[in-house]
2 protein chains.
Amino acid sequence: MSKYSRQREMILDALTGNRCHPTADWVYNHLKPDNPALSMGTVYRNLNFLVERGLVRKLSVPGEADRFDGQADTHMHFRCRQCGSLIDLKGEAAEEILDFARRFRDLTGLEMDPAGLVLEGRCEACSGDSPGNCS
Amino acid sequence: MSKYSRQREMILDALTGNRCHPTADWVYNHLKPDNPALSMGTVYRNLNFLVERGLVRKLSVPGEADRFDGQADTHMHFRCRQCGSLIDLKGEAAEEILDFARRFRDLTGLEMDPAGLVLEGRCEACSGDSPGNCS
DNA sequence: CTAATAACAGTAATCGTTACTATTATTCAA
DNA sequence: TTGAATAATAGTAACGATTACTGTTATTAG
Ligand SMILES: [Mn+2]
Ligand SMILES: [Mn+2]
Ligand SMILES: [Zn+2]
Ligand SMILES: [Zn+2]
């Protein structure tokens with residue numbers, strides 16, 4: 001049985017009110033001013049609690065802190081190795097991934113989980129020879 | 001300009017002679033008996049050196065230690081969240097991924113890097129209702 | 001109102017990895 | 001062959017992200 005806490009509500013609000021994908025540290029610093037007693041342990045405990053409840057999704061990025069996503073609807077992500085941006089994959093792009101997942105399962109018998117997927121590579125801005133990308 | 005070292009050779013051999021995907025810790029413990037003075041720093045330094053040289057590939061797995069792959073040929077990986085096994089994706093499965101990467105680029109403009117890809121989900125043994133999987 | 005206990009703040013500990021430093025080994029040319 | 005130049009090493013300290021512990025506070029149910 002879980003009990004209400006103001007901190008948990010603040011933490012959830014910080015995520016749902018945001019389109020970005022914050023780290024635990026970001027959430028902590030974001031809420032600290034309005035709640036000077038807040039501690040990191042509380043942030044982590046609640047983020048993990050909310051992930052287990054399915055209200056929040058956790059995204060792991062190699063070499064850096066986990067990111068959390070307050071948008072509960074199933075979608076995937078793309079991370080640009082160059083600029084670090086994390087891009088939501090919805091609509092057609094998401095469908096393409098689901099198609100792939102089906103073909104992949106039929107071919108290999110491996111059931112990949114599209115929900116947690118974070119593809120890595122270069123975003124459009126960082127690819128090609130647009131201004132600012134001259135090596 | 002890099003110089004020869006016995007340790008570097010041992011570390012590379014430990015990977016190329018192995019079909020599995022060892023962690024730095026595994027490499028360390030594997031070589032320690034034949035080289036009691038070996039230190040973790042040396043293992044990490046050389047693994048990273050070999051990755052930069054393209055002789056070894058580094059695979060990051062959420063929540064656990066990085067794994068290293070001595071098979072230099074481009075292939076992808078699948079990790080089962082349940083049993084933890086890391087499976088090589090070659091041949092048809094790899095082709096399927098490359099096909100997807102092309103369609104995905106055409107659709108989104110995002111250039112994903114198939115080489116470092118580690119898909120996650122459930123392997124064949126852990127899926128379905130085979131013996132030992134009764135919840 | 002009170003007892004039971006979930007959640008808290010604060011802090012210590014863990015884990016994988018990197019950084020530092022003094023010593024050792026390799027290289028290359030005198 | 002010798003020796004200076006310098007990679008690479010072993011050992012240890014530091015690091016960042018996360019979890020675990022502990023005594024206190026807040027929420028809930030009766
Ligand atoms: Mn998202
Ligand atoms: Mn492999
Ligand atoms: Zn980019
Ligand atoms: Zn499995």
Side-chain angles (χ1 to χ4, degrees), chain A residues 1-15 20-53 55-69 79 81 84 86 116 118, chain B residues 1-15 20-53 55-69 79 81 84 86 116 118:
Chain A
M1 336 315 20
S2 64
K3 292 181 180 174
Y4 170 87
S5 91
R6 191 174 45 86
Q7 291 89 337
R8 181 169 297 165
E9 188 168 49
M10 289 174 76
I11 289 166
L12 180 55
D13 286 352
L15 288 181
C20 67
H21 302 90
T23 61
D25 192 66
W26 185 94
V27 172
Y28 174 76
N29 289 120
H30 182 68
L31 299 178
K32 192 71 174 171
D34 288 344
N35 186 350
L38 185 67
S39 82
M40 269 304 243
T42 296
V43 173
Y44 275 108
R45 181 163 14 83
N46 281 293
L47 286 173
N48 289 331
F49 174 92
L50 294 168
V51 168
E52 274 179 24
R53 285 295 172 99
L55 296 169
V56 161
R57 197 156 293 129
K58 189 194 287 200
L59 307 172
S60 30
V61 180
E64 56 186 73
D66 290 344
R67 311 193 82 91
F68 296 86
D69 191 334
R79 180 182 133 82
R81 289 222 180 91
L86 197 56
V118 182
Chain B
M1 323 341 223
S2 64
K3 291 181 179 175
Y4 170 86
S5 91
R6 190 173 46 87
Q7 291 89 335
R8 180 170 298 164
E9 189 169 47
M10 289 173 76
I11 289 166
L12 180 56
D13 286 351
L15 289 181
C20 66
H21 302 91
T23 61
D25 192 64
W26 186 95
V27 172
Y28 174 76
N29 288 120
H30 182 69
L31 299 178
K32 192 72 174 171
D34 288 346
N35 188 351
L38 184 68
S39 82
M40 268 306 241
T42 297
V43 173
Y44 274 107
R45 180 165 13 84
N46 281 293
L47 285 172
N48 289 331
F49 175 91
L50 293 168
V51 168
E52 274 179 23
R53 285 296 174 97
L55 296 169
V56 161
R57 198 158 292 130
K58 188 194 290 204
L59 307 173
S60 30
V61 179
E64 54 187 76
D66 291 343
R67 311 193 80 93
F68 295 86
D69 192 334
R79 179 183 134 82
R81 289 220 179 92
L86 198 55
V118 182

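Because the structure is predicted, anything quoted here is derived from the model rather than measured. In the text below, chain A, chain B and the rest are named by the order of the sequence lines, each starting its count at 1.
- Computed from coordinates, the A/Asn35 CG to C/dA7 C1' distance equals 13 Å when rounded to whole Å.
- Residue contacts shown for A/Arg6 are absent, as no nucleic acid heavy atom lies under 4.0 Å away.
- Each of B/Gly41 and B/Ser5 was assigned the nucleotide of DNA chain D with the nearest heavy atom; the assignment lying further toward the 5' end belongs to B/Ser5.
- Residue A/Asp25 is classed as having no contact, given no heavy-atom separation below 4.0 Å to the nucleic acid.
- The side chain of B/Ser39 has D/dA10 as its nearest neighbour among C/dG10, C/dT26, D/dA10.
- Note that CH2 of B/Trp26 is 8.0 Å distant from CG of B/Leu15, once rounded to the nearest 0.5 Å.
- Using a 4.0 Å heavy-atom distance criterion, A/Tyr44 is classed as a base contact.
- At distances below 3.5 Å, at least one donor-acceptor pair connects side-chain atoms of A/Lys32 with backbone N or O atoms of A/Leu38.
- Note: CZ (B/Arg67) to P (C/dT17) measures 11 Å, nearest angstrom.
- Put simply, CG on B/Asn29 is 12 Å from P on C/dG16, counting in whole angstrom units.
- Note: B/Ser60 OG to B/Arg79 CZ = 11.5 Å, rounded to the nearest 0.5 Å.
- Between A/Asn46 and C/dC8, a side-chain N or O to OP1/OP2 separation shorter than 4.0 Å is present.
- Among the heavy atoms of the strands lying under 4.0 Å from A/Gln7 are primed sugar atoms or P, OP1, OP2 only; no base atom is included.
- The distance between atom NZ of B/Lys58 and atom P of C/dG16, rounded to the nearest whole Å, is 14 Å.
- Atom CD of B/Glu52 is separated from atom P of D/dA7 by 15 Å (rounded to the nearest Å).
- In this structure, B/Met40 reaches neither bases nor backbone, as no heavy-atom distance under 4.0 Å exists between it and the strands shown.
- Counting to the nearest Å, the P atom of D/dG16 and the CG atom of B/Asp66 are 18 Å from each other.
- With values rounded to the nearest 0.5 angstrom, A/Asp69 atom CG is found 12.5 Å from A/Leu55 atom CG.
- Atom C1' of nucleotide C/dC8 and atom CG of A/Leu47 are separated by 15 Å, given to the nearest angstrom.
- Backbone-only contact: A/Ser2 has heavy atoms under 4.0 Å from sugar-phosphate atoms and none from a base.
- The separation between A/Met10 atom CE and C/dA9 atom C1' is 14 Å, rounded to whole Å.
- Side-chain atoms of A/Asn48 lie closest to D/dT19 of the nucleotides D/dT19, D/dT18, C/dT5.
- Under the rule for a salt bridge (charged side-chain N to carboxylate O under 4.0 Å, His left out), A/Glu9 has no partner lying at least two apart in sequence or in another chain.
- Residue B/Arg45 is in base contact, counting any heavy-atom pair closer than 4.0 Å across all strands shown.
- Here D/dA8 is the nucleotide among C/dT17, C/dA9, D/dA8 with the atom lying nearest to any side-chain atom of B/Arg8.
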